[in-house]
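Have a look at the structure below before the remarks.
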2 protein chains.
Amino acid sequence: MKGLNLTTQRKAVYDIVRNSNDHPTAAEVMNRLVEQGYNFAYGTVYNSLRYLTDKELIRELKLGESASRYDAKLDEHQHIICVSCGRVDEVMSSVPEDWKQAVAKETGYDVHHANVVFGGMCPQCLKKRTN
Amino acid sequence: MKGLNLTTQRKAVYDIVRNSNDHPTAAEVMNRLVEQGYNFAYGTVYNSLRYLTDKELIRELKLGESASRYDAKLDEHQHIICVSCGRVDEVMSSVPEDWKQAVAKETGYDVHHANVVFGGMCPQCLKKRTN
DNA sequence: TTTGATTTTAGAATAAGTATAAATCCTGAT
DNA sequence: ATCAGGATTTATACTTATTCTAAAATCAAA
Ligand SMILES: [Mn+2]
Ligand SMILES: [Mn+2]
Ligand SMILES: [Zn+2]
Ligand SMILES: [Zn+2]
């Protein structure tokens with residue numbers, strides 16, 4: 001029905017991304033595959049990530065770091081990165097509709113989407129900080 | 001006063017960025033330098049862009065494309081990229097303060113900043129589109 | 001089963017950017 | 001003017017993330 005061909009390697013990659021909540025990079029996915037006893041070619045991991053992204057089973061995130069991250073959470077959401085430890089957390093609060101409209105008005109664009117990356121100090125790092 | 005050392009090459013790079021309104025990449029800066037008769041080493045252009053960024057004369061933008069872009073507009077603003085032609089325009093309308101607060105509340109982060117990249121169809125591409 | 005298509009693999013290639021080390025340029029004392 | 005030390009530029013090598021390539025392996029009908 002969906003023309004979906006989940007080979008062993010694609011399934012394994014998909015499972016890693018699905019069961020991770022830290023938005024792993026391709027290299028991190030590779031490491032976790034190795035931990036699980038798999039030994040796929042690097043190219044296969046990239047191909048699988050692209051395949052899964054194309055089929056919209058996962059999403060590729062470009063958060064302004066050097067490497068892309070991958071996310072199996074498909075509902076629209078944004079991200080926040082801790083400036084201290086680098087962890088990436090979810091932001092479910094959605095982009096205000098009236099702001100998007102203001103931007104459309106200002107720019108003359110037909111605004112399709114917004115990618116937002118917040119930066120800040122995560123709760124754990126806030127706790128550790130010396131006052 | 002600021003300990004600023006604007007060499008010939010740094011000045012030339014700065015002038016390119018200042019007089020561009022399209023957020024050029026390092027490669028584009030290099031091309032424009034060559035058009036102006038300069039012939040600096042690639043490394044010098046990167047070094048200059050980093051120097052100017054460190055001195056806060058320009059800003060480096062990571063918009064989720066493969067290459068960084070540079071911007072001499074220093075007041076806080078966001079960007080919008082045309083999904084059709086790739087042009088990058090300014091978004092001066094600022095991130096709603098109450099939304100940032102909502103995100104702080106939701107995530108427990110101390111929110112420092114937000115980088116927002118809108119995507120959409122620019123006025124020129126809207127005009128060209130076949131209805 | 002042969003065949004054609006798809007996928008995986010290893011490795012080469014690419015693109016953006018950084019590191020290195022020698023050469024050049026400045027600057028401020030002699 | 002001359003020199004020495006520091007900063008800067010340059011050419012080139014390197015790194016990192018990712019894509020490309022072409023051969024080998026796998027799969028799926030006919
Ligand atoms: Mn997410
Ligand atoms: Mn700008
Ligand atoms: Zn943290
Ligand atoms: Zn356009």
Side-chain angles (χ1 to χ4, degrees), chain A residues 1-17 20 22-34 36-55 57-71 81 86 88 117, chain B residues 1-17 20 22-34 36-55 57-71 81 86 88 117:
Chain A
M1 186 85 269
K2 334 181 59 180
L4 191 62
N5 178 6
L6 279 191
T7 63
T8 305
Q9 13 288 89
R10 285 168 183 172
K11 179 80 168 44
V13 168
Y14 182 37
D15 285 342
I16 300 270
V17 176
S20 300
D22 63 345
H23 308 90
T25 62
E28 285 164 348
V29 169
M30 177 53 111
N31 290 342
R32 292 170 203 188
L33 285 166
V34 170
Q36 294 183 13
Y38 292 109
N39 224 343
F40 303 148
Y42 240 82
T44 300
V45 174
Y46 278 104
N47 284 343
S48 298
L49 288 167
R50 190 164 21 165
Y51 178 88
L52 295 166
T53 302
D54 286 348
K55 297 294 182 189
L57 294 174
I58 65 175
R59 293 243 280 255
E60 182 183 8
L61 306 179
K62 296 184 168 181
L63 304 181
E65 304 165 296
S66 50
S68 285
R69 294 180 173 274
Y70 295 87
D71 196 344
I81 307 188
V88 175
V117 183
Chain B
M1 183 86 271
K2 333 181 61 180
L4 190 61
N5 179 8
L6 279 193
T7 62
T8 306
Q9 13 288 88
R10 286 167 183 172
K11 179 78 168 45
V13 168
Y14 182 35
D15 285 342
I16 299 271
V17 176
S20 300
D22 62 344
H23 309 89
T25 62
E28 285 164 348
V29 169
M30 177 52 108
N31 290 341
R32 292 171 204 190
L33 286 166
V34 170
Q36 294 183 13
Y38 292 111
N39 224 341
F40 304 149
Y42 249 84
T44 300
V45 174
Y46 279 106
N47 285 344
S48 297
L49 288 168
R50 190 163 23 170
Y51 178 88
L52 295 166
T53 303
D54 287 349
K55 298 293 183 190
L57 294 175
I58 64 174
R59 291 242 280 257
E60 183 184 8
L61 306 179
K62 297 185 169 182
L63 304 182
E65 303 164 295
S66 50
S68 285
R69 293 178 174 274
Y70 295 87
D71 196 345
I81 307 186
V88 176
V117 183

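Please read all numbers here as calculations on a predicted model, not as lab measurements. For the numbers below, each heavy atom of this structure counts, side chains included, while hydrogens, waters and symmetry mates do not.
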Query raised in the report: After noting the C-alpha distance and the side-chain angles of Asp54(A) and Arg50(A), does the key distance pass the salt bridge (charged side-chain N to carboxylate O under 4.0 Å, His left out) rule?
Result: CA-CA 6 Å; Asp54(A) 286 348; Arg50(A) 190 164 21 165; 5.7 Å; no
Requested in this report: Determine, stepwise, if the pair Thr53(B) / Tyr70(B) fulfils side chain to side chain contact (heavy atoms under 4.5 Å, CB included).
Outcome: CA-CA 9 Å; Thr53(B) 303; Tyr70(B) 295 87; 4.0 Å; yes
Query - Audit row: Thr44(A), Val13(A), side chain to side chain contact (heavy atoms under 4.5 Å, CB included) steps and yes/no - result: CA-CA 10 Å; Thr44(A) 300; Val13(A) 168; over 6 Å; no
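For Asp22(A), the salt bridge (charged side-chain N to carboxylate O under 4.0 Å, His left out) partners at least two apart in sequence or on another chain are Arg32(A).
One interatomic measurement links the two molecules: CZ of Phe40(B) to C1' of dC25(C), which rounds to 14 Å at whole-angstrom precision. Separating the CD atom of Gln9(B) from the C1' atom of dA7(D) is a distance of 12 Å, rounded to the nearest angstrom. Remark: P of dT8(D) and OH of Tyr51(B) are 6 Å apart, rounded to the nearest angstrom. Here dT9(C) presents its C1' atom at 15 Å from CG of Leu33(A), a figure rounded to the nearest Å. Taking atom CG of residue Leu61(A) and atom P of nucleotide dA17(D), one finds them 16 Å apart after rounding to whole Å. As a whole-Å value, the separation of Met30(B) CE from dA15(C) C1' is 15 Å. At whole-Å resolution of the value, CZ in Arg10(B) and P in dT10(D) are 11 Å apart. Atom CG of Leu4(B) and atom C1' of dT8(D) are 14 Å apart (whole Å).
Ser20(A) places no side-chain N or O within 3.5 Å of a backbone atom of His23(A) that could act as its donor or acceptor partner. In terms of modelled atom types and a separation under 3.5 Å, the side chain of Tyr51(A) and the main chain of Asn5(A) share a donor-acceptor contact.
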Report summary line: With B for base contact, S for sugar-phosphate-only contact and - for none (protein heavy atoms under 4.0 Å), nucleotides 16-22 of chain C reads SBBS---
Report task. Treat primed atoms plus P, OP1 and OP2 as sugar-phosphate and everything else as base, then score nucleotides 25-30 of chain D 5' to 3': B for base contact with protein heavy atoms under 4.0 Å, S for sugar-phosphate contact only, - for none. Result -> ------
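Phosphate contact (OP1/OP2 of dT10(D), side-chain N/O of Thr44(B), threshold under 4.0 Å): present. Residue Asn5(B) has no polar side-chain atom (N or O) positioned under 4.0 Å from OP1 or OP2 of dA7(D).
A donor-acceptor pair shorter than 3.5 Å can be found between the side chains of Glu60(A) and Ser68(A).
Of all non-hydrogen atoms in Ala26(B) and Val45(B), the two that sit nearest each other are O-CG1, 4.1 Å.
Annotation: side chain of Glu65(A) is in contact with side chain of Ile81(A) (closest heavy-atom distance under 4.5 Å).
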